[in-house]
Amino acid sequence: MKILIVNGPNLNMLGSREKAIYGEQTLADMNAEIAEFCAENGIETVFFQSNSEGEIVSAIHGVRTRFGADGIVLNAGAYTHYSRAIGDALPCVGVPKVEVHISNVHAREDFRHVSVLAANCNGVICGFGADSYKLACLAIKDILGRSGK
Ligand code: DQA
C-alpha cells in the first residue's frame, strides 16, 4: 500500500515560515518523520509539493498512473479555502483522500474555517502538526483494509 502526500503553496517554507504556527521543522524533516512512521505501519509513501494550483491538480490526476499510489493525503495550504479546480480534481480519481492541516484552521481567521475540498475527501484532520499526516495515513490504511484492497 502506497500513499501520495501532497503539500501545496508555502509549505516548502516550513522551518522558516511563521514558526509560532507551523513549528521549526523543515518540509524535508517532516516528510522523513512521516515516511518513517508509515514504514513502521506497513505503508509506503511518496511526496509531492508545489506552489502551483495546476501542478497540484495534475498530481492528483496522476495518483495511480504517475505515483503508483492508492490514496492521497492533501494539505493544499491556502488553496483549501477557495480552489474549485483542486476540489473538482479529487472525484476524478477513485482513491481515498484525507485533507490535512498542520495548524488548527478552526482556531484561526474566518477565511480558514471554510474548505472547498473537504466534501470531496473521506475526512479532515487538522491541528496536530506532522501527526495530522500520520493520522491521515492510518485512516487511509483503514479504509483500504475495509474495502479489501
Ligand atoms: C495550512 C492552513 C492554511 O490555512 C494555510 O493557508 C497554509 C497551511 C496548515 O497546514 O495549517 O498554508 O494548510
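Order of listing sets the numbers, starting from 1, for every ligand and every atom in it.
- Inspection of the Gln49 and Asn51 side chains reveals an N or O donor paired with an N or O acceptor under 3.5 Å.
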Per-pair distances, 0.1 Å, donor-acceptor, side chain in residues 123-131, under 3.5 Å, sequence neighbours excluded:
| residue | atom | partner | partner atom | Å |
| --- | --- | --- | --- | --- |
| Asp131 | OD1 | Lys134 | NZ | 3.2 |

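- Of all non-hydrogen atoms in Leu117 and Ser83, the two that sit nearest each other are CD2-O, 3.8 Å.
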I'd like the atom pairs linking ligand 1 to the protein - N or O on both sides, separation under 3.5 Å - with distances to 0.1 Å.
| residue | atom | partner | partner atom | Å |
| --- | --- | --- | --- | --- |
| ligand 1 | 4 (O) | His81 | NE2 | 2.7 |
| ligand 1 | 4 (O) | Arg112 | NH1 | 2.8 |
| ligand 1 | 6 (O) | Ala78 | N | 3.1 |
| ligand 1 | 6 (O) | Arg112 | NH1 | 3.1 |
| ligand 1 | 10 (O) | Asn75 | ND2 | 2.8 |
| ligand 1 | 10 (O) | Ile102 | N | 2.8 |
| ligand 1 | 11 (O) | Ile102 | N | 3.3 |
| ligand 1 | 11 (O) | Ser103 | N | 2.9 |
| ligand 1 | 11 (O) | Ser103 | OG | 2.6 |
| ligand 1 | 12 (O) | Arg17 | NH1 | 3.2 |
| ligand 1 | 12 (O) | Arg17 | NH2 | 3.0 |
| ligand 1 | 13 (O) | Asn75 | OD1 | 2.8 |
| ligand 1 | 13 (O) | His101 | ND1 | 2.7 |

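- Within the structure, salt bridge (Lys or Arg N to Asp or Glu O under 4.0 Å) contacts touching residues 113-122 (residues at least two apart or in different chains) do not occur.
- Residues Arg84 and Asp88 are not paired through a salt bridge, judged by the lack of any N-O separation under 4.0 Å between the basic side chain and the carboxylate.
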Per-pair distances, 0.1 Å, donor-acceptor, side chain in residues 66-76, under 3.5 Å, sequence neighbours excluded:
| residue | atom | partner | partner atom | Å |
| --- | --- | --- | --- | --- |
| Asp70 | OD2 | Lys2 | N | 2.8 |
| Asn75 | OD1 | Gly77 | N | 3.0 |
| Asn75 | ND2 | Tyr133 | OH | 2.9 |

